[in-house]
Asks: 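Before we start, here is the structure in question, set down as structure tokens.
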Amino acid sequence: MEMLPVTYSIPSWHEKSQLSSGDDFNVAIIGAGNVNFGSDEGPWNHSYRLEQKLGPRLKVVALIDPVLERSADVLAKKRASFVKSAYESTQTYKSVAEFAAAAMTPEQKPRMILIGCPPAFRGSDQVGRDIELQLLKLFPGIALFVEKPVAAGEVARAFTVANAIKQSQVICSVGYMLRYLKAVQMMKNIIKDNNLTVMCTIARYACAYESIAKSHWWNKPLSGGPIVEQGTHFCDLSRYFGGDVEIASVQAHSVEWDEEPGRLSKIRIDESTIEPENRIPRVTTANWKYKSGAVGTLTHLVALQGKAYSCEIEVYCDGYLLKLIDPYNAPILHVRRPGSDLDEVYTFEQDDPFLSEV
Ligand SMILES: NC(=O)c1ccc[n+]([C@@H]2O[C@H](COP(=O)([O-])OP(=O)(O)OC[C@H]3O[C@@H](n4cnc5c(N)ncnc54)[C@H](O)[C@@H]3O)[C@@H](O)[C@H]2O)c1
């Protein structure tokens, strides 16, 4: 199956600046949950980044979530804070269709729609899972921001959505924010400036399973499994460096929950409540050939305890090793170049890829 081309056109973070003047910028937000409004789960919180980026220009015209109480809760907090002007006029709706049916002046229309609901409701052309297609029809020309994973259903249906977005030519960004890290952009620049060809990518993503206490995360049909749920960020980074993949070349193996090496001692949920066939693998390892001829591997592990994840990606080119360590928390980039066996080591202060992407 053909993959859509990889986009390389991320402007440098130096070119981005706080947008502090101009007209109101109307945004409609889909999903009143953690990724859009923050939690102690992690640094994600799109509404906060929009507030930082747009300042008083931000006007959230709609918040769409079937659970109205959740919308009311997050709006009450925003309206009680110094960013209340962005949320004073926010209307709540249970669905995109309800929002589209509401009377709206041209000034009230959104300029961007942020889709942060679970993947089960988007990324497909099936009724009830087709939020993007509904939006393209009901709000043509409006920019979209779609959270990852872009889909959790059938691949062919996901491509129907991807192609519809491409054909519509609307600006569309996906929540693969690691591309926007300064370290990742530096890796891209080293490759470009030295006219290098990527030979191989090696990605390793080891989560700290003891800290994952959401039972749906451990349930394959609900989460999509650890590769779709979180390894997808490293699939994206691998593809960002290696280009499109020969899908037929992908081979994978896993250590399942009931195999001896897959026995875990510190799972915080009661896994016995999940049907055996729905329990997640503990290790998944895959290798593939890129269309360029390069090769790639990914290993995802549900193995570490405590809180901190251990994640690294290595990119090899003739004479070069670019090794990115800990992209989520404190990115460190090791660069080995021709002429020396020693690594140059770079750290990046106060880099917020969520803000850069928004
Ligand atoms: N890029 C990242 O780093 C990152 C981080 C966290 C979450 N995510 C992704 O964001 C998505 C949402 O995750 P979350 O943690 O916010 O989940 P959540 O459970 O905290 O919130 C999801 C919200 O969506 C609402 N919802 C359900 N169906 C809906 C529908 N049809 N229309 C509108 N709203 C609907 C739910 O009621 C809930 O309030 C997931 O795909 C997740 O993988 C991405």
Side-chain angles (χ1 to χ4, degrees), residues 28-50 60 62-75 77 90-100 110 113-124 126-135 138-139 144-153 158 161 173-181 184 205 207 211-217 219-237 240 309 311 327-329 331 351-358:
I29 299 183
I30 301 182
N34 295 349
V35 77
N36 286 338
F37 290 94
S39 70
D40 55 10
E41 264 184 2
W44 36 92
N45 183 340
H46 290 313
S47 59
Y48 172 64
R49 272 37 177 237
L50 285 169
V60 177
L63 178 54
I64 302 160
D65 193 303
V67 185
L68 287 174
E69 301 77 42
R70 203 158 178 187
S71 297
D73 276 359
V74 295
L75 285 178
K77 286 192 193 113
T90 310
Q91 300 293 314
T92 58
Y93 304 94
K94 281 186 172 176
S95 66
V96 167
E98 199 179 275
F99 172 44
I113 303 176
L114 178 56
I115 310 173
C117 62
F121 305 102
R122 50 188 173 77
S124 171
Q126 286 171 300
V127 175
R129 310 186 67 166
D130 58 347
I131 283 186
E132 300 91 337
L133 296 182
Q134 285 186 54
L135 292 173
L138 298 167
F139 297 95
L144 302 176
F145 185 112
V146 186
E147 249 319 324
K148 60 89 251 303
V150 286
V161 175
S173 197
V174 177
Y176 288 123
M177 72 292 165
L178 295 179
R179 288 186 179 207
Y180 294 80
L181 281 169
V184 168
Y205 191 120
C207 73
S211 68
I212 304 176
K214 286 178 171 178
S215 65
H216 72 259
W217 191 87
N219 190 325
K220 257 191 292 194
L222 299 185
S223 67
I227 295 291
V228 170
E229 218 290 328
Q230 53 179 210
T232 183
H233 277 294
F234 269 37
C235 297
D236 180 66
L237 271 190
Y240 191 42
Y309 288 24
C311 302
Y328 277 98
N329 300 303
D351 185 20
D352 178 353
F354 292 97
L355 183 62
S356 300
E357 180 168 14
V358 143

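For clarity, every value in this text was computed on a predicted model and none was experimentally measured. In listed order, ligands and their atoms are each counted from 1.
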Asks: Of all the atoms in ligand 1, which lie at a distance below 4.0 Å from a heavy atom belonging to Val67?
Replies: 37 (O)
Asks: Quick check: does Asn36 get an N/O under 3.5 Å from an N/O on ligand 1?
Replies: no
Asks: Is the distance from the ring center of Phe99 to that of Phe139 below 6.0 Å?
Replies: yes
Asks: Suppose we measure from atom 4 (C) of ligand 1 to each protein heavy atom; which comes out shortest, and what is that distance?
Replies: Val35 CG2, 3.7 Å
Asks: Would you say ligand 1 has an N or O under 3.5 Å from any N or O of Gly175?
Replies: yes
Asks: Does the side chain of Tyr93 come under 3.5 Å of the side chain of Ser71 through a donor N or O and an acceptor N or O?
Replies: no
Asks: Quick one: which ligand 1 atoms are inside 4.0 Å of a heavy atom on Ile64?
Replies: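 Contacts of ligand 1 toward Ile64, numbered from 1: 33 (C), 34 (N).
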Asks: For atom 41 (O) of ligand 1, which candidate among Arg122, Met177, Glu69 holds the nearest heavy atom?
Replies: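 Result: the heavy atom closest to atom 41 (O) of ligand 1 is in Arg122.
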Asks: Could you work out, for atom 42 (C) of ligand 1, the closest of Glu147, His46, His216, Lys148 by heavy-atom distance?
Replies: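 Of the listed residues, Lys148 has the closest heavy atom.
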Asks: Under 4.0 Å, counting heavy atoms only: does Lys94 come that close to any atom of ligand 1?
Replies: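 Not so, Lys94 does not reach ligand 1.
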Asks: Can an N or O of Lys214 be found at a distance shorter than 3.5 Å from an N or O of ligand 1?
Replies: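 No, since none of the N or O atoms of Lys214 sits under 3.5 Å from an N or O of ligand 1.
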Asks: With respect to Asn34, determine whether any N or O atom, backbone or side chain, lies less than 3.5 Å from an N or O atom of ligand 1.
Replies: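 By distance alone, the answer is yes.
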Asks: Which bit of Asp65 is near ligand 1, meaning a heavy atom under 4.0 Å away: side chain, backbone, both or neither?
Replies: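 It is both parts that get close, each with some atom under 4.0 Å.
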Asks: Please check if the side chain of Ser173 supplies one atom and the backbone of Phe145 the other of a donor-acceptor pair under 3.5 Å.
Replies: no
Asks: Which option, Gly31, Ser95, Pro66, owns the non-hydrogen atom nearest atom 35 (C) of ligand 1?
Replies: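 When every heavy atom of Gly31, Ser95, Pro66 is considered, Pro66 comes closest to atom 35 (C) of ligand 1.
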Asks: Check for a donor-acceptor pair, side chain of Glu132 on one end and backbone N or O of Gly123 on the other, with a separation under 3.5 Å.
Replies: yes
Asks: Can Lys148 and Asp236 be counted as an ion pair, charged N to O under 4.0 angstrom?
Replies: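 No, no charged N to carboxylate O under 4.0 Å.
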Asks: Given Gly42, Pro118, Ala152, which one has a non-hydrogen atom that is nearest to atom 24 (O) of ligand 1?
Replies: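 Answer by nearest heavy atom: Pro118.
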Asks: Ligand 1 versus Phe354, non-hydrogen atoms closer than 4.0 Å: side chain, backbone, both, neither?
Replies: side chain
